[in-house]
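Values reported hereafter were calculated over all heavy atoms of this structure, with side chains retained and with hydrogens, waters and symmetry mates removed.
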Amino acid sequence: MLANPSTSTTLHYRSNSTHNPPFSHTNHRCKLSLSPNCPRFTNFAKSKCSSLSLLLSRRKRERLVTVVKAFEDTSAVNDGPQSLHQPISVKIPVGDRHIMVETGHLGRQASGSVTVTDGETIIYTSVCLDDVPSEPSDFYPLSVNYQERFSAAGRTSGGFFKREGRLKDHEVLICRLIDRPLRPTMLKGFYHETQILSWVLSYDGLHSPDSLAVTAAGIALALSEVPNTKVIAGVRVGLVDDKFIVNPTTKEMEESKLDLLLAGTDSAIFMIEGYCNFLPEEKLLEAVQIGQDAVRTICNEVNALVKKCGKPKMLDAIKLPPPELYKHMEEIAGDELVKVLQIRNKVPRRKALQSLEEKVLSILTEKGYVSKDQSFGIPETVADLLEIEEEDEEVVVDGEVDEGDVHIKPNGRRSSPSLFSEVDVKLVFKEVTSKFLRRRIVEGGKRSDGRTPEGIRPIDSSCGLLPRAHGSALFTRGETQSLAVVTLGDKQMAQRVDNLVDEEEFKRFYLQYSFPPSCVGEVGRIGAPSRREIGHGMLAERALEPILPSENDFPYTVRVESTITESNGSSSMASVCGGCLALQDAGVPVKCMIAGIAMGMVLDTGEFGGDGTPLILSDITGSEDASGDMDFKVAGNEDGVTAFQMDIKVGGITLPVMRTALLQARDGRKHILAEMLKCSPSPSKRLSKYAPLIHVMKVNPEKVNIIIGSGGKKVKSIIEETGVEAIDTQDDGIVKITAKDLSSIEKSISIISRLTMVPTVGDIYKNCEIKSVAPYGVFVEIAPGHEGLCHISELSSNWLPKAEDAFKVGDRVDVKLIEVNGKGQLRLSRKALLPEATSEKSSAEQQARDLTEGNTEQSKDKSRATKFVNPTKVESVEDAPLSKKKAYKRLTSSARDGLKNSSTTVSSIASKDENSLVNGEAKIG
């Protein structure tokens, strides 16, 4: 609704809901604050609702007609010109700089709109709400949409359609960051659909827009008519050189050990989400304290702005269920609820609750219910007695007649049965169920499944379930189960990320989370991933990322799929545990094992007979998540935390409560890690034989273009000739060859080595083609682009009158490089490799070494062979075979003048006598 404070009109109307029968005593009133000069209403009045009414239900149509009549009555009074509000701006200190908040300039027809500027990054956010309330539900009708315009960075979309379309994953994540802290501040009973739209209009590449978007949404909502409790603001906290920084720049975040985004009010924390590299809990609490101080400063400034130009809140539009309905609900279902909540298994408990809810609905919406206090009659007042005396009929009770006098004894008037709307009954049933569950935990000290507040559900895990997958694991905790599958590939399997900065970004590790409806025994849609699935997947991905090896140590792209096959709470943390086991089963040399746990809370224990201290719950189930006050997910190991996410459903929590939750979560992770070590079958910790092979070479960066060739023709020809899957080159000289078998890799290595090799005196080149013949010798191609002269005197040990007498173009010979002159010309010798020459030379060297060293003839032959043969200069596979029994092997050849090639070969089969993977790490033997 839009409201103009200067010319506002208030309209009261009675709800005509078909859910409330005519004889029900539950009448709700709704007060709407409406602006008569709003264009959408004046246009609506002119059209007499002719077209739009066809699209609306009868109930909504009646409401709109009432609204239009009210505007027609007041339009004559308020037809005067409206003055435009002047823009108002305020500077707010955040960290080491200020942000600029401005309202009244853009989006003046919205219920609330602001622009927030940090550096040259500008966020525009608007808040609008529907004119007619929607059907009441237990979920506030709030939708958030955040979008980064490419024009903000002077770019356009790289796709075929040159405009923004479906939200990207990181935009969905920011939508969730905006939604989660705002939702708990909304007042219950307000059912006008609310929409928050946020755009990045300008981006400077230094100041991140996500934390600004959270703050902008909180300010816009505070300025609007939507009734909420407090102002929300958000900041990011980084840790650089052991110093916390509020709203760090993107360059500072590259060096930061912490990425924490916090949102809250001036007095409490509502949402945190962050990722770090095994940071201890005490450091996290320090960061939260720094962020909370910054949020408090922003909220105080915004409160002053709201008092100056905020719109009046629509408090009269709030509709709550009748208070007596709660009492009736406890009388009807209280005893049965206590029994139902003691059922340990999820499905039987859910069916029992559904059956009880149907019973309650039948009583309160169809049959009617009379409270126990009213069933015995209500004493009549004097006015009631006088009214009875005037009636014609008199009720005479037997035994009350005395000597002709008639004594009238009035009977108590029995209350008529109360009927309520179905929506109200369902809302109250859910609240009462939550209340009874919390009471059971606080009073009895036991949860629905019999655990104590610190208890962890039974854990079972196994690996290697899927024989053709590169790695797989099934992790089960109670009634929550995750099937994690790992796939290894090359750079072509990496996920491309399209961002505002004009740089290509590829993710070599990503986790995709799937939550099918079958995991909770229901029927639902299957399609694109939901926002919840994207958010849970990113949380698990960021939790596992710190334990992965670097790209130099493990050149694979890693994809993890987590499919939730059974769910009863903490499915995202089950994905962390299952993903960690699957990575080890795929042979990824992880640095350590990590686990995740979800924590819950009952904030006000005094309501149920406790001492008022918040009660923290470990490893919460689905019902405890829905009925509790907190959902706090923490992942890491015994030493520290890698990821954490907290959502609050009440008025926020303080730092001491968070400290208690973090320490209790650490104890829970230790227990889960110990259970994961009992995994049976255990992870194989070696590469699957079905995983692709990746060979990494280092060549002279100046030779990279030779490998690629004109228009990529050369690299394509190598792929076709050798049968490898892909050859990836980098500007720094790194070449990665991906194939399914060793022979293909060996062929491609030989070709690339010849293309990029630097000739060195003493190297031997076999099976080289003669390109041309001259009277004084032949020109031999020792490698593509490298030819040398083999003089006639070096062609044979015997005298040759002419070279063409013994050789012709196309013949293949073995030659040795004996000289490189100052012009770079190569001098080759065939004679040096002939048996006669080798024998004579070997004999002379043998005699000389016998006199000086006294070595045997056999050892000297081996020494000479090592001296004259370079293992990296080979023509065929037989000259330098790659072992098929090696799991992870690094071959390095000593480079002369820094120009030799070094290579890394990854094979897929492990052996005891050679290289193997131990404890997830590559052990070089």
- Message: Is there a side-chain contact between Val558 and Tyr510 in this structure, where contact means two heavy atoms from C-beta onward sitting under 4.5 Å apart?
- Response: no
- Note on the structure: Interatomic distance, CZ@Arg812 vs CZ@Phe807, rounded to 0.5 Å, equals 14.5 Å
- State, yes or no, whether a side-chain contact exists between Asp732 and Pro701 at a heavy-atom distance under 4.5 Å. no
- Message: Please evaluate residues Glu551 and Lys736 with respect to the criterion salt bridge (Lys or Arg N to Asp or Glu O under 4.0 Å), reporting the C-alpha separation (whole Å), side-chain torsions for both, the decisive distance (0.1 Å), and the verdict.
- Response: CA-CA 12 Å; Glu551 187 174 3; Lys736 296 180 181 180; 2.7 Å; yes
- Task: Tell me whether the guanidinium CZ or amine NZ of Arg468 lies under 6.0 angstrom from the six-membered ring centre of Tyr690 and within 45° of its axis.
- Result: yes
- Message: Determine whether a donor-acceptor pair (N or O, by modelled atom type, separation under 3.5 Å) exists between the side chain of Thr250 and the backbone of Gly205.
- Response: yes
- Task: First locate atom OG of Ser684, then atom NZ of Lys689, and finally report the distance between them rounded to the nearest 0.5 Å.
- Result: 12.0 Å
- Query: Should Ile770 and Val813 be marked as a side chain to side chain contact (heavy atoms under 4.5 Å, CB included) after you check the CA-CA gap, both sets of side-chain angles, and the distance that decides it?
  - Reply: CA-CA 8 Å; Ile770 297 177; Val813 294; 4.2 Å; yes
- Checking Arg508 side chain against Tyr556 main chain: does a donor-acceptor pair fall under 3.5 Å? yes
- Query: Do Leu544 and Val576 have side chains that get closer than 4.5 Å, going by heavy atoms?
  - Reply: yes
- Taking all non-hydrogen atoms of both residues, which atom of Ser256 and which atom of Gly238 are closest, and how far apart? OG-CA, 3.5 Å
- Message: Can you tell me how far apart CG (Leu474) and CG (Leu483) are? Round to the nearest 0.5 Å.
- Response: 6.0 Å
- Task: Keeping the roles fixed (side chain from Glu164, backbone from Phe150), state whether a donor-acceptor pair exists under 3.5 Å.
- Result: yes
- Enclosure of Gln492 CD (heavy-atom neighbours >12, cutoff 6.0 Å): no
- Message: Any side-chain to backbone donor/acceptor pair from Thr557 onto Asp490? Under 3.5 Å, distance only.
- Response: yes
- Does Lys168 pair with Glu148 as a salt bridge, N-O distance under 4.0 Å? no
- Item | CA sep, side-chain torsions, deciding dist, call: Ile749, Ile737, side chain to side chain contact (heavy atoms under 4.5 Å, CB included) | CA-CA 8 Å; Ile749 290 174; Ile737 307 171; 4.1 Å; yes
- Query: Okay, side chain of Ser829, backbone of Ala832: is any donor-acceptor separation there less than 3.5 Å?
  - Reply: yes
- Side chains of Ile818 and Glu794 in contact at under 4.5 Å (non-hydrogen atoms): yes
- Within 45° of the six-membered ring axis of Phe506 and under 6.0 Å from that ring's centre, is NZ or CZ of Lys491 located there? yes
- Message: I want to check something: taking the side chain as every heavy atom from C-beta on, are Ser796 and Lys831 in contact at a cut-off of under 4.5 Å?
- Response: no
- Task: Would you confirm whether Glu252, through its side chain, and Thr249, through its main-chain N or O, come within 3.5 Å as a donor-acceptor pair?
- Result: yes
- Message: Run Ser562 and Ser482 through side chain to side chain donor-acceptor pair (under 3.5 Å) and show every step you take.
- Response: CA-CA 6 Å; Ser562 175; Ser482 168; 2.9 Å; yes
- Looking only at heavy atoms, the pair that brings Gly464 and Asp585 closest together is N-OD2, 3.5 Å
- Message: Counting C-beta onward and ignoring hydrogens, is there a side-chain heavy-atom pair between Met253 and Val240 closer than 4.5 Å?
- Response: no
- Side chain Asn637, main chain Gly640, donor-acceptor under 3.5 Å: yes
- Query: Ion pair present between Glu781 and Lys771, side-chain N to carboxylate O less than 4.0 angstrom?
  - Reply: yes
- Query: Do any N or O atoms from the side chain of Thr756 and from the backbone of Lys703 form a donor-acceptor pair under 3.5 angstrom?
  - Reply: no
- Item | Shortest non-hydrogen separation from Leu488 to Ala691 and the atoms involved | CD1-CB, 4.3 Å
- Task: Determine the interplanar angle of the Phe779 and Tyr776 rings, folded into 0 to 90°, and report it as parallel if under 30°, tilted if 30 to 60°, perpendicular if over 60°.
- Result: perpendicular
- Query: Sub-3.5 Å donor-acceptor pair from the side chain of His791 to the main-chain atoms of Gly777, do we have one?
  - Reply: no
- Message: I'd like to know if Arg542 and Asp259 make a salt bridge, using a cut-off of under 4.0 Å between side-chain N and carboxylate O.
- Response: yes
- Within the distance-only criterion (no hydrogens, no angle test), does the side chain of Ser682 pair as donor or acceptor with the backbone N or O of Cys679 below 3.5 angstrom? no
- Message: Would you compute the distance between atom CE of Met676 and atom SG of Cys577 and round it to the nearest 0.5 angstrom?
- Response: 5.0 Å
- Item | Lys/Arg N to Asp/Glu carboxylate O, Lys802 vs Asp805, below 4.0 Å | no
- Query: Between Arg166 and Glu171, is the closest basic N to carboxylate O distance under 4.0 Å?
  - Reply: no
- Do you know the tightest heavy-atom contact between Pro681 and Ser462? CD-CB, 3.7 Å
- Message: Heavy-atom count check: over 12 atoms from other residues, nucleotides or ligands less than 6.0 Å from Asp241 CG?
- Response: no
- Test side chain to side chain contact (heavy atoms under 4.5 Å, CB included), reference Val696, set Asp728, Ile734, Asn552, output is Ile734
- Item | Contact summary for Pro759 and Tyr765, nearest pair of heavy atoms | CA-OH, 3.7 Å
- Note on the structure: When rounded to the nearest 0.5 Å, the distance separating CG of Leu693 from CG of Leu687 is 9.0 Å
- Item | Trace of the side chain to side chain contact (heavy atoms under 4.5 Å, CB included) decision for Phe278 with Ile594 | CA-CA 10 Å; Phe278 298 101; Ile594 66 170; 3.9 Å; yes
- Are any of the side-chain heavy atoms of Ser575 and Phe475 separated by less than 4.5 Å? no
- Task: Could you tell me whether Lys507 and Glu505 have a side-chain N and a carboxylate O separated by less than 4.0 Å?
- Result: no
- Taking the side chain as every heavy atom from C-beta outward, state whether Leu828 and Ile782 have any pair of such atoms under 4.5 Å apart. yes
- Message: How close do Pro546 and Cys276 get, counting heavy atoms only, and between which atoms?
- Response: CG-O, 3.7 Å
- Could you give the distance from CG (Asn700) to CD1 (Ile706), rounded to the nearest 0.5 Å? 8.5 Å
- Task: Would you check, one step at a time, whether the test side chain to side chain donor-acceptor pair (under 3.5 Å) holds for Ser743 with Asp741?
- Result: CA-CA 6 Å; Ser743 60; Asp741 55 83; 2.7 Å; yes
- Taking it one step at a time, do Thr722 and Ser748 satisfy side chain to side chain donor-acceptor pair (under 3.5 Å)? CA-CA 6 Å; Thr722 61; Ser748 60; 4.8 Å; no
- Check the pair Val590 / Gln584 against side chain to side chain contact (heavy atoms under 4.5 Å, CB included), numbers first and verdict last. CA-CA 7 Å; Val590 297; Gln584 296 180 76; 3.8 Å; yes
